[in-house]
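Notes follow the structure.
Computed from a predicted structure; not experimentally measured. Atoms within a ligand are numbered from 1 in the order they appear, just like the ligands themselves.
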Amino acid sequence: MTTVLDVQRFKDEGRRFAMLTAYDYLSARILDESGIPILLVGDSLGMVMLGYPNTLPVTLDEMFHHARAVARGSRQALLVGDMPFMSYHVSTEQAIESAGRFMQEGRMHAVKLEGGGRVIEITRRLTEMGIPVMGHLGLTPQFVHQMGGFRVQGKSEAQADRILADATALEEAGAFSLVLEGVPSTLAGRVTTALHIPTIGIGAGPQTDGQVLVFHDFLGITSGKAPKFVKRYANLADDISRAAQQFADDVRKGTFPGPEHEYSANPAQREAVP
Ligand code: KIV
């Protein structure tokens, strides 16, 4: 099984690695068997699985529901649970309780928290208690209203210096890795060089140690124009739509089900389902 020590070794040995989000049993199983070393049960599930406009409405219980399904499907991957909005904001004690529940009830191996500032002290406390923490800086979706929308962060020198300082402080507090989202490639390169722990980029250019994509984005299930940083490795939205139309057509024409799909009434012919 991939551990946080393996993830550190990837960086030490200069091996780039992939992380993908996962939200359910079967897709987690496929990704795990494909050798993806880290699966993130992201709070992006609020948008791609539950249809919320952003990640803010997602609750811990919704996260646990999906986390347990992913854990049932996965054998090898390091499983990271994304702490949702307001599950670590009230106090350090609340953060410890939420993260502990993520490991006990959600069966995750680590948690991810967005932001610097007070999150640095929370990271220190969680790490001290044996709860591995993945940091997340740059475009942090839980700050959408403070950022005035989903905007690239770290473009000004002051912002870039802040992100670099937070990254260094998170590493010092014990974070085992750091997601850098929606920042200029040059800044991601600076942070990656400065840190000993691995960085994992999304919309952060090619210089990070790892890359992460959202499941629905990389498979082309999301509709409309994908953000610039997304590479679609399949076009499943089109495939699903074509298959649905074909199915409806077959039913209308009476060509499905065919003889090969029928059960016989002959008692001597024992048939199992499936
Ligand atoms: O929630 C999520 O999917 C994430 C990734 C985009 C890093 O935080």
Shortest non-hydrogen contact between Ala67 and Met108, atoms and distance: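 Heavy-atom minimum between the residues: O-CE, 3.5 Å.
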Report all N/O contacts between ligand 1 and the protein shorter than 3.5 Å as a table of atom names and distances to 0.1 Å; if there are none, say 'none'.
unit_1   : atom_1 : unit_2 : atom_2 : d
ligand 1 : 1 (O)  : Asp43  : N      : 3.2
ligand 1 : 1 (O)  : Asp43  : OD1    : 3.0
ligand 1 : 1 (O)  : Ser44  : N      : 3.0
ligand 1 : 1 (O)  : Ser44  : OG     : 3.3
ligand 1 : 1 (O)  : Asp82  : OD2    : 3.1
ligand 1 : 3 (O)  : Ser44  : OG     : 2.5
ligand 1 : 8 (O)  : Lys112 : NZ     : 3.0

| If you count the non-hydrogen atoms of other residues, nucleotides and ligands that lie under 6.0 Å from CD in Glu97, is the total more than 12? | no
ask   = Parallel, tilted or perpendicular: which describes the rings of Tyr23 and His216, with under 30° parallel and over 60° perpendicular?
value = tilted
So Phe102 and Phe64, would you call those rings parallel, tilted or perpendicular, with 30° and 60° as cut-offs?
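Correct class here is perpendicular.
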Pair Arg101, Asp61 - check salt bridge (charged side-chain N to carboxylate O under 4.0 Å, His left out), show working. CA-CA 10 Å; Arg101 287 185 64 203; Asp61 284 336; 3.5 Å; yes
Only pairs at least two apart or in different chains count here, so list each side chain to side chain donor-acceptor pair (under 3.5 Å) that has a residue in residues 133-145.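 Of all non-adjacent pairs touching residues 133-145, those that pass side chain to side chain donor-acceptor pair (under 3.5 Å) are Asp43-Gln142, Tyr88-Gln142, Lys112-His136, His136-Glu181.
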